[in-house]
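Since the structure comes first, as structure tokens, the remarks are kept for the end.
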Amino acid sequence: MPSKIFDSVDESLADVFDGATVMIGGFGLAGQPQELIDGLIRRGSTDLTIVNNNAGNGEVGLALLIKSGFVKKIICSFPRQSDSYIFDEAYRAGKIELEVVPQGNLAERIRAAGAGIGGFFTPTGYGTLLAEGKETRTIDGNNYVLESPIHADFSLIKAYHADPLGNLVYRKTARNFGPIMATAAKTTIVQVSGVVGVGELDPEAVITPGIFVNRIVEVAS
Amino acid sequence: MPSKIFDSVDESLADVFDGATVMIGGFGLAGQPQELIDGLIRRGSTDLTIVNNNAGNGEVGLALLIKSGFVKKIICSFPRQSDSYIFDEAYRAGKIELEVVPQGNLAERIRAAGAGIGGFFTPTGYGTLLAEGKETRTIDGNNYVLESPIHADFSLIKAYHADPLGNLVYRKTARNFGPIMATAAKTTIVQVSGVVGVGELDPEAVITPGIFVNRIVEVAS
Amino acid sequence: MTSATLTRVEMAQRVAADIPTGAFVNLGIGIPTTVSNFLTAEQEVTRHTENGMLGMGPEAIGDEIDPDLINAGKIPVTELPGCSYFHHADSFAMMRGGHLDIAVLGAFQVSEKGDLANWHTGAPDAIPAVGGAMDLAVGAKDVFVMMELATKQGDSKLVASLTYPATGLQCVTRIYTEVAIFQIDPNVGVTVTEMFGPTTMARLIELTGLALIDGTK
Amino acid sequence: MTSATLTRVEMAQRVAADIPTGAFVNLGIGIPTTVSNFLTAEQEVTRHTENGMLGMGPEAIGDEIDPDLINAGKIPVTELPGCSYFHHADSFAMMRGGHLDIAVLGAFQVSEKGDLANWHTGAPDAIPAVGGAMDLAVGAKDVFVMMELATKQGDSKLVASLTYPATGLQCVTRIYTEVAIFQIDPNVGVTVTEMFGPTTMARLIELTGLALIDGTK
């Protein structure tokens, strides 16, 4: 079996293609796969659809990816942040599509993709602008909106430790979107602070089983 | 704040009422809260709806609960087992209602209840007897059945260790339905092999956060 | 009735005092976060942060700062004993499933039915950004809002119907303002439970234009 | 073509040999479980058990037996290094989400479209019991069925349409029998890829009544 451990970020991203949907983990800087994002910028694939909680800050990372013109559309919960001027300008100039999703619906839609669920009724967003045009239903007296799964071609996430089988553990609130994004992509690429031996992770404490992980790159933290 | 730790099984079950829906954890004997089931029999509440993967074996536990005439309906995936004659007889005599649910749909319906999801489209069961009368839909070329959440009044589960806040860890495949049933009930009652101090469970390895746990009973294992 | 209207600090103190012992709470970004400063150890309140943690401690200082441990406002925080971590889907399932007792949020407007507006000004050129606001609005058993009762222009933020885009419908149960506390029950109406300073029912009814119920007696 | 029809052990050997290196598999209760006896270490196959484990090892013997560590057939099993545990919803999400490469199942009948019947005899007095059968049928990328081609009465179990209640539709991709291996593609039809013993295409077509495609050349 070919090893899941890749020597370099660039090799791990070599088949990202134009038009791909790419999920990127992280909430703020916690869990953000900085080196993989930099690699994605070097890779230079265009017309990407990016799924992330935010839309980048400053001129690095996701913001730089947007500035480079590689992003066609972004699906996120909170694009407007301090220093999100690169996204703001691209959006106002009509250069980037935006789909704003309530954060919990975003998480549940990602989970649904990984779990083979075709759609689900959520109370979040009912009666708001973000549910306009969506199917609604009253179930047992409560109002729900039908939301659909979000599948990805690639997920780029950050974990703490991996073993060579791809089992992952995370660190504190850097866990956030990583475990669900790992399940929702055809190819999941993980940057980790360290690779440990098979059997060194406690089977009770593995958060992402190796079945969800295709590629691992160790990045000095 | 009143302690979550109860001195006896019977005290922990004192408010189970006639007509209650009770989830019982376990897959086979692994994770089965034997002492809580015995307590439920002593409690003697009638017209119960029981949610469990199975329908009891031999003349103990869930089978004895059924034999005692306390169960009005059972929701499970696999009632027919070796030594399930008590259920079989009650069912054939029309004394107990049965809702058979594919095991993964059962798990997802329990999770949906805990997660505030009003319903979800699952591919499992499409085109089968178990989807008869249920709403179906074709989404992106795949066929799905709409399934609804299963809520409970009480969940009776078994974990390995708890801390006084109700944080739980499980042991091996005894984890099974415990974590999701804990989220789906108004009152979750857990039997554990041991109670450890606050802060003794690794926050990264807590499987059920204490928010889902109402009562803990230590049972010698 | 107290002798003066409440300061923001006093509002936070009031909210903190009203949180029941043993409650699980989510304190929204901004002013609601300051409520934690007034929670006592005896209250045994557990704080949830939607980016994946229960048992969140105070803001981290100095050496405590760990970039992997932040709250929903992306501020470094600390652990308390008995805390736990979980991923985003589990965290929002916890919220959406109604397991949190109380969420404390800010607001642009609240309607007399408890509809909440706090995510979008409605300005045509505003970039929409919702974060977890809609999930918080529908998830907790009780949603407490902290806000000034009137805008700088003098318009009531407690209104018959929202003019700002909604965050959630019929979700707010209580509003803490500098002049009064309001309890909302969509079947009953809006009850004034307490007034501060020179506030009167007549003045509140005039400002809001609502048929407020006097529950202060 | 081999000189004789396959024994059950030989069928299990054939299935094991056809599982690709590095695959994640779920071996159903009964005969399919025996496939694991013939998986080699070099294949690096990871076994899933739907009651919440990846990296399941062989059946436990003697002191290894731990009542908290069982497979879907409720048989005590062992851990392999690198295994992991998860709860039932996560386990079936893994299956339903299409992450498993292969499920190996038994069958009462398979239709030429790949419809599977393996959960219910259809007898009017039978107590329905499905377990994880329907989830396994729709979840894995490929579903391999192991069965005798004919019933004791001599009727083909590979049929034009199911007469037993369905477990899942268009889910079976390959059937291993004692006389032949069949590949199913709903858009192409049923292809015989290998025959054993004195089996001929003519005999298979006669038995099944299907327009089988000869893929053995």
Side-chain angles (χ1 to χ4, degrees), chain A residues 25 27-32 53-55 76-82 84 87-88 91-92 98-112 114-115 122-131 142-143 158 160 170-183 207-208 221, chain C residues 29 49-54 56 66-79 83-98 113 115-117 119-122 125-139 162 164-171:
Chain A
F27 179 89
L29 294 176
Q32 179 177 282
N53 190 58
N54 302 105
C76 70
S77 86
F78 207 80
R80 193 185 62 227
Q81 296 184 97
S82 59
S84 62
F87 168 80
D88 296 359
Y91 177 74
R92 292 191 200 284
L98 170 66
E99 180 178 349
V100 173
V101 184
Q103 199 171 149
N105 286 356
L106 182 65
E108 190 71 10
R109 291 176 65 186
I110 294 167
R111 179 198 177 266
T122 171
T124 304
Y126 178 84
T128 75
L129 287 175
L130 298 185
N142 297 310
N143 295 315
K158 178 180 174 177
Y160 182 45
Y170 299 82
R171 214 174 150 268
K172 304 187 188 282
T173 57
R175 186 184 302 190
N176 57 68
F177 285 95
I180 49 174
M181 287 184 170
T183 70
I207 302 301
T208 294
S221 58
Chain C
I29 295 171
T49 183
E50 59 265 36
N51 53 316
M53 183 185 196
L54 268 178
M56 179 172 65
D66 179 336
D68 285 344
L69 181 47
I70 60 174
N71 67 14
K74 292 162 190 167
I75 309 289
V77 291
T78 54
E79 292 183 340
C83 71
S84 57
Y85 296 103
F86 28 83
H87 62 58
H88 245 77
D90 279 350
S91 184
F92 280 83
M94 189 182 288
M95 199 138 74
R96 195 191 309 109
K113 295 289 185 196
D115 301 345
L116 171 68
W119 78 284
H120 195 302
T121 60
D125 68 334
I127 295 175
V130 69
M134 290 183 180
D135 305 276
L136 282 159
V138 304
L162 300 181
Y164 284 80
T167 306
L169 305 185
Q170 297 196 9
C171 54

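In what follows, every chain begins at residue 1, and chains take the letters A, B, ... in the order their sequences are listed.
Using a 4.5 Å cut-off between heavy atoms, C/Asp66 contacts chain A through its side chain alone, with no backbone atom that close. Contacts between A/Asp88 and chain C at a heavy-atom distance below 4.5 Å involve backbone atoms as well as side-chain atoms. When heavy atoms are compared at a cutoff of 4.5 Å, A/Asn143 does not approach chain C at all. When heavy atoms are compared at a cutoff of 4.5 Å, C/Thr167 approaches chain A solely by way of its backbone atoms N, CA, C and O. For C/Gln170, no part lies near chain A; criterion is any non-hydrogen pair under 4.5 Å. The contact between C/Pro67 and chain A is made entirely by backbone atoms, counting heavy-atom distances below 4.5 Å. In this structure, no portion of A/Leu106 lies under 4.5 Å from any heavy atom of chain C. Looking at C/Val138, the atoms closer than 4.5 Å to chain A (heavy atoms on both sides) all sit in the side chain, from C-beta outward.
In this structure, A/Arg175 and C/Tyr85 approach most closely via the heavy-atom pair NH1-O, 3.3 Å. Considering all non-hydrogen atoms of both residues, C/Gly168 and A/Thr128 come closest at N-CG2, 4.4 Å. Between C/Ala129 and A/Pro79, the shortest heavy-atom distance links the atoms CB-CD, 3.6 Å. The nearest pair of heavy atoms linking A/Gly104 to C/Arg96 is O-NH2, 3.2 Å. Residues A/Gly28 and C/Lys74 share a closest heavy-atom pair of N-CE, 3.6 Å.
Of the listed residues (C/Asn51, C/Leu169, C/Leu69), the greatest number of heavy-atom pairs within a distance under 4.5 Å of chain A belongs to C/Asn51. Of the residues considered (A/Arg171, A/Gln81, A/Arg109, A/Gln32), A/Arg171 shows the highest number of contacts with chain C, using heavy-atom pairs under 4.5 Å. Heavy-atom pairs under 4.5 Å with chain A were tallied for C/Ala166, C/Gly52, C/Cys171; the largest tally goes to C/Ala166. Ranked by heavy-atom pairs under 4.5 Å with chain C, the first of A/Leu29, A/Ile207, A/Leu130, A/Thr173 is A/Thr173. Ranked by non-hydrogen atom pairs under 4.5 Å with chain C, the options A/Val100, A/Asn176, A/Thr122 are led by A/Asn176. Interface remark: of the candidates C/Pro128, C/Gly139, C/Pro165, C/Ala117, C/Pro128 forms the most heavy-atom pairs closer than 4.5 Å to chain A. With chain C as the partner, the residue from A/Gly31, A/Pro102, A/Ser84, A/Ala30 showing the most heavy-atom pairs under 4.5 Å is A/Pro102.
At least one side-chain heavy atom of A/Phe87 sits under 4.5 Å from a side-chain heavy atom of C/Ile127. Between C/Asp135 and A/Glu108, every side-chain heavy-atom pair lies at or beyond the 4.5 Å cut-off.
Ring geometry for A/Phe27 versus C/His88: interplanar angle of 30 to 60°, hence tilted.
Checked by atom type and distance alone, the side chain of A/Arg92 pairs as donor or acceptor with a backbone atom of C/Asp125 at under 3.5 Å.
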